[in-house]
Amino acid sequence: YSGKGKRDIKLVDIADGIFTDRSDGSYIDIMQKTGRIQSEEALYIYNVFLKTYILPHLGNIKIRDISSPMVQSWYINLKKTDGKDMVNAYRNNILEVLSLIMKWTMYNGIIDHNPVSDIYRMPPDNSGRRAFSSEELKLMFPEDKDRLISIWGNIKNACYFLIFRDTGWRPGEILSITPFNILDEYKAISTTSSFVSFSKKIKNSIK
């Protein structure tokens, strides 16, 4: 950030590219060398949050002028891009990305305090979703094969959601199933891998 007074540095000056730049001494470079970096998918999501929610509202503000009350107001009033309300867990994830950026700003000697650390966060919504009743499941998964296929469009989709219903596996775990995972003698299936949608590759591990 040479040639630019630290007091004049805007958030966009240090944040734009933080989750994509891989040059020596960059945020990603240091996180990788210290074993702290998350997955490529996480970096992609961080950058989406940055471009979609952080820079449009705070990007052109000088970093030294970004106060905790300012961040608190931005955080409370966060909305989805379509203007609808945002769940608290999603809102907190966006705030955490801003905190990562502010920590990087502190590392670079631009500020002495992370304003995000003083924010009053909203509790995550743990109400969950209502489980389907037995009657609803019977309607969704009739025993008659032709009716089942008519509901789900084809046998492939029906099989996918039947496994979902019976196992509770994650989508990626179901998508990684091969014929070798079918245990005919036990009338069962097993898996030790999962499909990663971001990379479109099979990972030989499950959560």
Checklist entry - If you draw a 6.0 Å radius around CG in Asn154, do more than 12 non-hydrogen atoms from other residues or ligands fall strictly inside? => result yes
Checklist entry - Is it true that atom CZ of Arg121 has more than 12 heavy atoms of other residues, nucleotides or ligands lying nearer than 6.0 Å? => result yes
Checklist entry - With the 4.5 Å side-chain cut-off for hydrophobic clustering, are Phe161 and Ile149 part of the same group? => result no
Checklist entry - Leu139 and Ile151: same hydrophobic cluster, using ILVMFWY side-chain contacts below 4.5 Å? => result no
Checklist entry - Checking side chain to side chain contact (heavy atoms under 4.5 Å, CB included) for the pair Tyr160/Leu175: CA distance, chi angles, key distance, verdict? => result CA-CA 8 Å; Tyr160 173 85; Leu175 291 172; 4.0 Å; yes
Under-4.0 Å salt bridge between [X] and [Y]:
X: Glu173; Y: Arg170; value: yes
X: Lys203; Y: Glu41; value: no
X: Lys80; Y: Asp85; value: no
X: Asp16; Y: Lys51; value: yes

Working to the nearest 0.5 Å, report the span between [atom1] of [X] and [atom2] of [Y].
X: Thr52; Y: His57; atom1: OG1; atom2: NE2; result: 9.5 Å
X: Leu11; Y: Asn60; atom1: CG; atom2: CG; result: 9.0 Å
X: Lys10; Y: Ile61; atom1: NZ; atom2: CD1; result: 10.0 Å
X: Lys62; Y: Ile111; atom1: NZ; atom2: CD1; result: 15.5 Å
X: Met106; Y: Asn114; atom1: CE; atom2: CG; result: 6.5 Å
X: Ile182; Y: Ile189; atom1: CD1; atom2: CD1; result: 7.5 Å

Close side-chain approach of [X] to [Y], heavy-atom, < 4.5 Å:
X: Phe164; Y: Pro171; answer: yes
X: Arg36; Y: Ile30; answer: no
X: Asn47; Y: Tyr44; answer: no
X: Ile76; Y: Tyr120; answer: no
X: Leu95; Y: Val71; answer: yes
X: Phe49; Y: Glu96; answer: no
X: Leu78; Y: Tyr90; answer: no
X: Ser133; Y: Leu137; answer: no

Item to check | Test side chain to side chain contact (heavy atoms under 4.5 Å, CB included) applied to His113 and Asp118, step by step | outcome: CA-CA 10 Å; His113 177 70; Asp118 298 325; 2.7 Å; yes
Checklist entry - Do we get Arg165 above Phe141's six-membered ring, with its NZ or CZ under 6.0 Å from the centre and within 45° of the axis? => result yes
Checklist entry - Does any donor atom in the side chain of Asp29 or Ser23 lie under 3.5 Å from an acceptor atom in the other side chain? => result no
Next on the checklist: Do Thr178 and Asn181 pair up side chain to side chain, a donor and an acceptor below 3.5 Å, judged on atom types alone?
Outcome noted: yes
Item to check | From Leu58, Leu50, Ile66, residue fulfilling side-chain contact (heavy atoms from CB on, under 4.5 Å) relative to Leu98 | outcome: Leu58
Item to check | side chain to side chain contact (heavy atoms under 4.5 Å, CB included) assessment of Trp169 paired with Ile177 | outcome: CA-CA 11 Å; Trp169 288 356; Ile177 293 174; 3.6 Å; yes
Nearest heavy-atom pair of [X] and [Y]: which atoms, and what distance?
X: Ser68; Y: Ile119; answer: O-CD1, 3.2 Å
X: Ser67; Y: Pro115; answer: C-CB, 3.9 Å
X: Asn88; Y: Pro124; answer: CB-CA, 4.1 Å
X: Asp21; Y: Ser26; answer: O-OG, 3.1 Å

Just by distance, do the side chain of [X] and the backbone of [Y] share a donor-acceptor pair under 3.5 Å?
X: Arg147; Y: Pro142; result: no
X: Trp74; Y: Tyr53; result: yes
X: Thr105; Y: Ile110; result: no
X: Ser193; Y: Ile202; result: no
X: Arg91; Y: Met122; result: no

Next on the checklist: Here's a test for you: under ring pair (Phe, Tyr, Trp, His ring centres under 6.0 Å), which of Tyr27, Tyr46, Phe19 qualifies with Trp104?
Outcome noted: Tyr27
